Amino acid sequence: MREGKVDASRALCSRNRFDRAMAGASLYAGVDEVGRGCLAGPVVAAAVIPPTDVHRWELVDDSKRLPGRKREELAKLIRETAIAVGIGVADVSEIDQLNILCATQLAMGRAVLNLAHEVEILLVDGIYGANSPVPSLPVVRGDHRSLAIGAASIVAKVFRDTYMKQLDALYPQYGFAANVGYGTKQHRAALAAYGPTEHHRMSFAPVREAQTVQTRLVLHG
């Protein structure tokens, strides 16, 4: 147990040093998104300015590497202890109108705008920057390498998952509480049986194809 705690402390220090080295002397925020590959629901981004003292963030990691309950606990901790947290959302209509990449960058920019403090540089997961006047520094595998980006990935994931569970109450046949909008076998089967909802992304081929099938059924019985 003690060895595991030492390893977590080392990882925390390493990821925090990585952020400081990338940002230099600039005040920075980590930025990440969730939901790019989903067939339904918005794309959500979070921006997080870490606290000066990050010792309580030992377990902060890429959200994909954490179980759901631990993500929720950490999202609460991050919101309570970060200097600032901002959330940005691009809805389905914006995704269909702009394309998923531009909508993602838009959500990231909105997350930065919703920070209570201004920053000088953004550490952004991936290879593209945010749609923001604040300069972006893209970081490949940033949610794994960067403490601030990992924190943003957790906050964005918990926020979006909560929203998709609310949608599940309205559309239980699609299984949104379990698949959170991703194209699982069960979700695709529901699309084929019931057609898409207003929360599905018509610019995505599987949704478009399901809509075409439903239209043919209506026209031809």
Side-chain angles (χ1 to χ4, degrees), residues 19 23 27-38 40-51 54 56-57 59-66 68-98 100-126 128-139 142-143 146-169 176-177 180-182 199 201:
D19 287 351
L27 180 61
Y28 63 91
V31 182
D32 200 7
E33 56 74 31
V34 65
R36 278 187 65 176
C38 295
V43 60
V44 174
V48 175
I49 306 175
V54 296
R56 295 178 63 192
W57 285 26
L59 299 180
V60 170
D61 198 353
D62 175 1
S63 65
K64 296 185 290 296
R65 293 154 58 99
L66 297 166
R69 182 171 296 181
K70 179 56 66 177
R71 277 198 303 265
E72 291 173 2
E73 293 172 359
L74 288 170
K76 183 174 184 292
L77 172 67
I78 291 163
R79 286 181 175 276
E80 290 174 348
T81 58
I83 293 173
V85 173
I87 294 286
V89 177
D91 63 26
V92 169
S93 65
E94 291 171 318
I95 292 169
D96 287 341
Q97 181 180 2
L98 298 173
I100 185 59
L101 173 58
C102 291
T104 298
Q105 292 175 304
L106 180 63
M108 288 179 171
R110 287 170 174 167
V112 175
L113 279 175
N114 287 329
L115 287 169
H117 293 260
E118 293 186 358
V119 293
E120 298 166 300
I121 194 166
L122 307 173
L123 306 182
V124 182
D125 183 50
Y128 299 103
N131 185 347
S132 170
V134 181
S136 291
L137 185 58
V139 181
D143 45 8
S146 160
L147 183 65
I149 295 175
S153 77
I154 292 169
V155 172
K157 173 69 172 167
V158 170
F159 182 95
R160 189 178 186 280
D161 283 2
T162 300
Y163 175 80
M164 295 306 294
K165 289 175 184 176
Q166 293 169 352
L167 281 189
D168 184 75
F176 289 147
V180 294
Y182 284 98
H199 300 283
R201 302 174 183 179

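This one's a predicted model, so the numbers in the text were calculated from it and none came from an experiment.
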Let me confirm one number: the OH-CG distance from Tyr28 to Leu122, rounded to the nearest 0.5 Å.
12.5 Å

Atom CG in Asp143, atom CG in Asp61: separation rounded to 0.5 Å?
8.5 Å

Checking Arg79, Lys157, Lys165 against Glu72 for salt bridge (charged side-chain N to carboxylate O under 4.0 Å, His left out), the one that qualifies is Lys165

Nearest heavy atoms of Ala84 and Ala116, plus distance in Å
CB-N, 3.9 Å

For the residue pair Pro51 and Trp57, establish whether any side-chain heavy-atom pair is separated by less than 4.5 Å.
yes

Just to verify, which of Val34, Val44, Val180 counts as forming a side-chain contact (heavy atoms from CB on, under 4.5 Å) with Asp161?
Val180

What's the spacing between Arg201 CZ and Asp96 CG if we round to 0.5 Å?
8.5 Å

Heavy-atom closest pair (Leu147 atom, Asp19 atom, distance to 0.1 Å) is N-OD2, 3.2 Å

Would you say Glu120's side chain and Leu27's backbone share a donor-acceptor pair under 3.5 angstrom?
yes

As a quick check of understanding, evaluate side chain to side chain contact (heavy atoms under 4.5 Å, CB included) for Val139 and Val124, giving each step before the final call.
CA-CA 6 Å; Val139 181; Val124 182; over 6 Å; no

As an exercise, state the distance from CD of Gln105 to CD1 of Ile100, rounded to the nearest 0.5 Å.
10.5 Å

Gln97 atom CD: more than 12 heavy-atom contacts under 6.0 Å:
no

Would you say the side-chain atoms of Asp125 pair up with the backbone N or O of Gly142, donor to acceptor, closer than 3.5 Å?
yes

Which pair of non-hydrogen atoms, one from Val89 and one from Glu94, has the smallest distance, and what is that distance?
O-OE1, 4.2 Å

Take Arg69 and Glu73, measure what salt bridge (charged side-chain N to carboxylate O under 4.0 Å, His left out) needs, and give me the verdict at the end.
CA-CA 6 Å; Arg69 182 171 296 181; Glu73 293 172 359; 5.6 Å; no

Output the distance between atom CG (Asn131) and atom CG (Leu98), rounded to the nearest 0.5 Å.
9.5 Å

Would Met108 and Val112 satisfy side chain to side chain contact (heavy atoms under 4.5 Å, CB included), going step by step from the backbone distance to the final call?
CA-CA 6 Å; Met108 288 179 171; Val112 175; 5.7 Å; no

For the CZ atom on Arg56, are there more than 12 heavy atoms of other groups (residues, nucleotides or ligands in this structure) within a distance under 6.0 Å?
no

Name of the residue among Ile78, Val60, Val31 meeting side-chain contact (heavy atoms from CB on, under 4.5 Å) with Val48
Ile78

Point-to-point distance, once rounded to the nearest 0.5 Å, from CZ of Arg71 to CG of Asp62:
9.5 Å

Can you name the closest pair of heavy atoms from Val119 and Val134 and give their distance?
O-CG1, 3.8 Å

Which heavy atom of Tyr163 sits nearest to which heavy atom of Pro42, and what is that distance?
CE2-CD, 3.4 Å

For the residue pair Ala40 and Met164, what are the closest heavy atoms and their distance?
O-CE, 4.0 Å

